[in-house]
Amino acid sequence: MAIGKFGRYDTGMMKFLPPSANNGVGPVRIAHISDPHLSDLSGVSWQQLLSKRILGYLSWRFSRRHIQRLDILDKLLNDLSSNELGHLLISGDLTHIGTAAECRQVRSWLSDLGTAENISLIPGNHDYYTKDDISRTFGLWSDYIASDSVNSDNHKPPLFPSFRQRGPLAIIGLSTALPTSPFFATGELGQKQIQDLEQLLVKTKKMGLFRIVMLHHGPLQTSNKFRKRLRDAHEFRQSIVSHGAELIVHGHGHYPVWDFLQSDKLKIPVIGAASASVLSTSTSKRSGYNLYEIERIPEGWSLRVQSRRLEIEAESYSVLKEFELNLPAA
Ligand SMILES: [Fe+2]
Ligand SMILES: [Fe+2]
């Protein structure tokens, strides 16, 4: 199936509301998907595979392409399109081995899905698989990644952290993606990105915004196996505990997560999304996504979370978990 020509999903169906649609009154509804791994590697050349990519290609050839399916992603988008959304977050791993051809396929898919005004994304480890010229790979998605202050028309590689304001929301995008040795899928933020994140958290706190921090790798001690871990997760957690945030969202694990980053003073929800495209009989690793409704209340913020999961028999999505939190003002 050609990318951008989706079977069931009508690309004109996704409904986005402008951030000012409700004049700042009432909840803002946003969606979060992750790890769609939507590219097709059928035409990849053997020259492109003379690297760690051969392992990723073999994984796709004999396993991933059978369980990560565009028709499932279409079903998810159909379910999602029944909502009027303020914004869509995509927390990385849109490709399998991050080739330029894959990134062009993703670019086409993104253009069909919505504008950069309505969609924010970050790369995952699969999108930066080997050392490449980023401007030819995930840099092609720069306008969906870049900060509001950056003119992304020049297609420069995006800088992190990114900061986008949409109504009362501060969407802060981080990159944990970097090439790793074979058999490793670790990530790292680096000292500079963490320092810049701290400054952004301070700035957006002063602006009175609901701060959403989006990264690919789960940041908790329990998030990942050793070979898939975020190497400077401890430093990230220290920064968040020092400067606060209202919500942390991530992907990478391909299963849903509902947890908290806690200290004596703070309790910050950490929500992970399953892979958007997986068809699996496993109930924990099956296609799903999250909806968040965020509303300013006198005490601070109300956050309602609904996680939806594919029901294989019914070929539809249903509520997996739903809860509401009241978060104090920053
Ligand atoms: Fe992934
Ligand atoms: Fe990943």
Side-chain angles (χ1 to χ4, degrees), residues 3 32-41 52-53 55-70 72-73 76 89-99 102-103 105-106 109-110 120-132 134 137-138 141 145 160 173-190 193 213-220 222-233 236 248-257 270-280 282 284-290 307 309-310:
I3 297 293
H32 168 208
I33 69 172
S34 197
D35 297 73
H37 293 283
L38 63 96
S39 49
D40 184 350
L41 287 171
K52 176 191 168 187
R53 283 194 169 120
L55 298 171
Y57 172 77
L58 293 172
S59 168
W60 172 81
R61 182 81 176 76
F62 295 107
S63 172
R64 279 179 179 265
R65 71 184 177 130
H66 300 298
I67 58 170
Q68 299 208 264
R69 294 174 27 169
L70 269 181
I72 299 299
L73 182 58
L76 182 148
L89 306 173
I90 308 178
S91 54
D93 275 4
L94 290 88
T95 66
H96 293 285
I97 53 174
T99 63
E102 288 179 276
C103 292
Q105 293 172 19
V106 169
W109 177 81
L110 284 169
S120 294
L121 67 85
I122 52 166
N125 55 300
H126 281 260
D127 306 320
Y128 194 19
Y129 211 65
T130 55
K131 279 185 186 155
D132 288 300
I134 289 169
T137 58
F138 71 83
W141 319 330
I145 298 174
F160 299 96
L174 302 175
S175 176
T176 58
L178 77 175
T180 59
S181 311
F183 305 109
F184 278 83
T186 52
E188 190 172 293
L189 291 157
Q193 191 176 188
V213 178
M214 176 164 64
L215 72 173
H216 180 66
H217 290 73
L220 298 177
T222 52
S223 289
N224 301 298
K225 292 177 184 164
F226 181 78
R227 72 175 194 87
K228 293 186 168 186
R229 75 197 188 283
L230 178 62
R231 298 199 292 241
D232 44 9
F236 171 80
I248 298 168
V249 300
H250 70 85
H252 190 52
H254 292 203
Y255 54 85
V257 172
V270 177
I271 311 288
S275 166
S277 61
V278 167
L279 177 64
S280 168
S282 159
S284 61
K285 285 204 167 187
R286 191 183 297 168
S287 169
Y289 69 97
N290 297 324
S307 295
R309 183 180 64 186
L310 176 69

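Numbering of ligands and ligand atoms starts at 1, following listing order.
- Counting only heavy atoms from C-beta outward, the side chains of Tyr129 and Thr95 never approach each other to under 4.5 Å.
- The Fe ion (ligand 1) has no N, O or S atom of His252 inside 2.8 Å of it.
- Using a 4.5 Å heavy-atom cutoff, the side chains of Ser223 and His217 are not in contact.
- For the Fe ion (ligand 1), the N/O/S atoms of His126 include none lying under 2.8 Å.
- A heavy-atom distance below 4.5 Å is found between the side chains of Arg231 and Leu178.
- The Fe ion (ligand 2) lies at the vertex of an angle of 90° between the OD1 atom of Asn125 and the NE2 atom of His216 (rounded to 10°).
- By the 4.5 Å heavy-atom criterion applied to side chains, Leu230 and Leu215 are counted as neighbours.
- When the Fe ion (ligand 1) is compared with the N/O/S atoms of Asp35, atom OD2 turns out nearest.
- For the Fe ion (ligand 2), the set of nearby N, O or S atoms under 2.8 Å includes one belonging to Asp93.
- When distances to the Fe ion (ligand 2) are checked against a cut-off of 2.8 Å, His217 contributes no N, O or S atom below that limit.
- Side-chain contact between Phe236 and Pro219 is present, with at least one heavy-atom pair separated by less than 4.5 Å.
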